[in-house]
Number of protein chains: 2
Amino acid sequence: MVPKTQKRVTSSDVAREAGVARSTVSYVLNRTPHQTIPDGTRRRVLDAAARLGYTPSAAARTLKRGRSDVVLCIVKPWPLGSASGLLLAELTAGFDAVGLTLVTHIEGAGVRGVEAVWNEIAPAAVLTYSPVDPDAERTMRAAGVQCVAVLFSGEPDGSARFVRPDARIGLLQAQHLVAAGHARIGYAYPEPPTLRDFAEPRLEGVRAACAEAGIAAPEVRTVALDAESAAAAIEHWRGMDDPVTAVCAYNDEVAQALIAGARLAGVGIPNDLAVIGADDIPTARLASPPLTTIAIDHAAEARRIVHDVTSALREGVAVEATDPADLFTTVVRESA
Amino acid sequence: MVPKTQKRVTSSDVAREAGVARSTVSYVLNRTPHQTIPDGTRRRVLDAAARLGYTPSAAARTLKRGRSDVVLCIVKPWPLGSASGLLLAELTAGFDAVGLTLVTHIEGAGVRGVEAVWNEIAPAAVLTYSPVDPDAERTMRAAGVQCVAVLFSGEPDGSARFVRPDARIGLLQAQHLVAAGHARIGYAYPEPPTLRDFAEPRLEGVRAACAEAGIAAPEVRTVALDAESAAAAIEHWRGMDDPVTAVCAYNDEVAQALIAGARLAGVGIPNDLAVIGADDIPTARLASPPLTTIAIDHAAEARRIVHDVTSALREGVAVEATDPADLFTTVVRESA
DNA sequence: CTGTTAGCGCTTTCAA
DNA sequence: TTGAAAGCGCTAACAG
């Protein structure tokens with residue numbers, strides 16, 4: 001007969017079962033340095049713990065240490081596409097391997113601000129997609145957060161360490177088009193405002209590549225995810241005095257809209273207009289023509305973030321970000 | 001001069017500042033029922049708390065109450081598509097409105113099992129996408145979890161409350177095709193094994209609709225997200241003695257693969273083969289032809305889940321699931 | 001109505 | 001090497 005309400009197994013129970021003091025249990029289970037424990041005792045404790053099915057209370061440990069082993073990643077409501085999903089999965093696995101638990105919280109649309117979240121979780125580190133304002137950072141520190149990492153950012157500032165160099169995505173896009181002989185490039189900017197943090201650096205990279213190649217700056221149009229919006233942009237680009245012959249899309253979805261818009265406008269891809277996407281989402285190769293795009297090495301990126309964050313946690317200080325040299329690859333298909 | 005390490009403001013600080021006892025602070029801040037507090041005292045406490053920027057320590061409250069105000073949603077690595085993203089966003093907002101914090105954890109690929117997660121978080125409720133085995137459920141209960149809700153499930157069992165009736169998606173798909181005059185239907189099953197929990201009920205719905213319409217059971221083929229795989233399936237369907245004339249795709253991405261495969265195989269859509277998708281992802285309307293699909297009302301679904309879970313938390317018992325009558329809508333476009 | 005007090009389960013000095 | 005004891009910050013009996 002199992003009791004209705006399970007009683008929690010505590011370290012005292014383990015201590016009693018093993019015939020030692022609670023502190024000894026703690027020492028054994030935490031492998032506390034500079035505490036040598038005889039093998040017999042150690043085994044008795046471990047056995048007792050296993051027999052009782054003991055799991056330490058994270059709440060108690062958190063209360064005592066003032067910080068949990070949780071890493072909190074704050075994401076905006078919009079960008080949960082397959083690319084972010086992949087990165088999040090890699091991050092989760094990576095942090096797990098070093099004993100940290102990654103959880104994700106979707107920001108916005110909440111009555112209580114995000115602050116409630118880190119009070120509730122008391123994470124060791126917080127990962128955000130865009131810069132946190134100094135006030136918020138202060139409340140985080142007060143809640144025990146040791147490390148604040150900004151993963152992406154339109155405007156790199158003081159606290160923006162660990163920022164992924166998304167500008168390089170735009171750079172690679174434009175370089176690919178320039179190498180193919182294009183001298184007038186358009187940029188298809190995403191419509192949802194929440195994507196600004198991602199879009200700005202990418203566009204910046206395109207600008208840089210154009211400048212470097214000595215061609216005109218990209219002609220930017222906002223393109224929503226429907227064929228009409230894309231067709232309008234395409235007509236604008238082709239109607240210019242110096243018509244755009246190739247377009248960098250913010251990502252593969254916008255690129256898909258461009259392909260649909262071109263079909264609607266009777267414009268041939270890539271002959272009349274070349275298109276290049278970004279992110280290499282699974283459906284990119286299903287487009288007609290298949291999308292040329294920039295692939296992101298999410299696993300490498302996750303490794304880098306996990307490494308940098310754990311070092312910062314250990315040192316108590318942010319370390320220099322690892323060189324993110326080869327995170328991106330141009331995947332050439334028929335559309336550009 | 002701000003001190004390097006912020007000292008946490010505790011309820012004692014607030015009590016001292018307000019000139020009352022700690023318990024009074026707790027009563028005021030928690031609006032404890034059956035504790036009447038004079039307005040003057042209440043205001044003094046509230047003022048002091050605000051002045052000091054007091055935020056209660058969630059860890060301490062969790063330790064005391066044995067459970068936090070966090071709801072943990074466990075998702076598999078794969079299905080983080082735009083549909084799940086939307087649902088998660090709605091859920092987050094919904095739980096936030098009732099004072100609960102939703103965080104998401106991506107399961108799998110971890111060295112330490114998921115159990116580490118609920119020990120780390122001590123959530124009030126856990127939401128999973130597939131059934132949890134009894135052992136795991138026991139460890140959750142021991143960790144203080146009050147309510148375990150399964151959102152989706154291939155095999156509804158005892159603990160599977162709150163299951164979304166995805167079978168209805170398949171039902172609507174098939175009914176739409178039957179109404180259009182099709183008498184031989186194919187089913188494009190997704191390739192990643194992690195999607196089984198979603199795919200099974202959908203397929204079941206298609207089977208039910210076929211049976212009800214008195215036509216042959218659906219011919220199931222697994223279709224990966226590439227044109228070749230889809231083309232092979234299409235050739236199989238069309239090469240049958242009694243050829244398939246319409247296909248229900250597991251979701252819109254598989255449907256997009258089907259469209260690409262048809263193009264490769266020289267099969268016209270919808271004339272030679274009708275296709276219907278599911279989920280109504282943003283790019284569904286960008287396909288050529290635009291995808292007929294089943295839209296999901298994520299907001300309504302989130303409302304239902306939040307309502308059911310909070311009731312269960314209050315009652316200490318699972319309540320009957322709300323009627324999920326009109327979660328789904330058939331969106332007719334040109335492909336079927 | 002307000003204050004005192006006893007823990008929740010754990011870590012970590014300090015003594016034995 | 002092991003044990004006793006002091007809290008971390010909060011809640012909720014219970015006493016005043």
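In this text, all values refer to a predicted model and were calculated from it rather than measured experimentally. Below, chain A is the first sequence line, B the second, and so on; all start at residue 1. For the numbers below, each heavy atom of this structure counts, side chains included, while hydrogens, waters and symmetry mates do not.
Position along DNA chain C of the nearest nucleotide to B:A21 versus A:S12 favours B:A21 as the more 5'-ward residue.
Between C:dT2 and B:T24, no contact under 4.0 Å exists linking OP1 or OP2 to a side-chain N or O. At the phosphate of C:dT2, neither OP1 nor OP2 sits under 4.0 Å from any side-chain N or O atom of B:S23. Between A:S11 and C:dT11, a side-chain N or O to OP1/OP2 separation shorter than 4.0 Å is absent.
B:N30 has its CG atom 8 Å from the C1' atom of D:dT11, to the nearest Å. Computed from coordinates, the A:R42 CZ to D:dT2 P distance equals 10 Å when rounded to whole Å. Rounded to an integer number of Å, the gap from B:R16 CZ to D:dG9 C1' is 13 Å. Rounded to an integer number of Å, the gap from B:L29 CG to D:dA12 P is 13 Å. Per the geometry, CG belonging to A:L63 stands 12 Å off P belonging to D:dT11, to the nearest Å. The distance from atom OH of A:Y27 to atom C1' of D:dT2 is 9 Å, rounded to the nearest whole Å.
When heavy atoms are screened at a 4.0 angstrom cut-off, A:S26 is found touching base atoms of the nucleic acid. Contacts of B:T32 with the nucleic acid, taken as non-hydrogen atoms under 4.0 Å apart, are absent. At the heavy-atom level, B:T62 lies nowhere under 4.0 Å from the strands shown.
Put simply, OH on A:Y27 and OG1 on A:T41 are 13.5 Å apart, with the number rounded to the nearest 0.5 Å.
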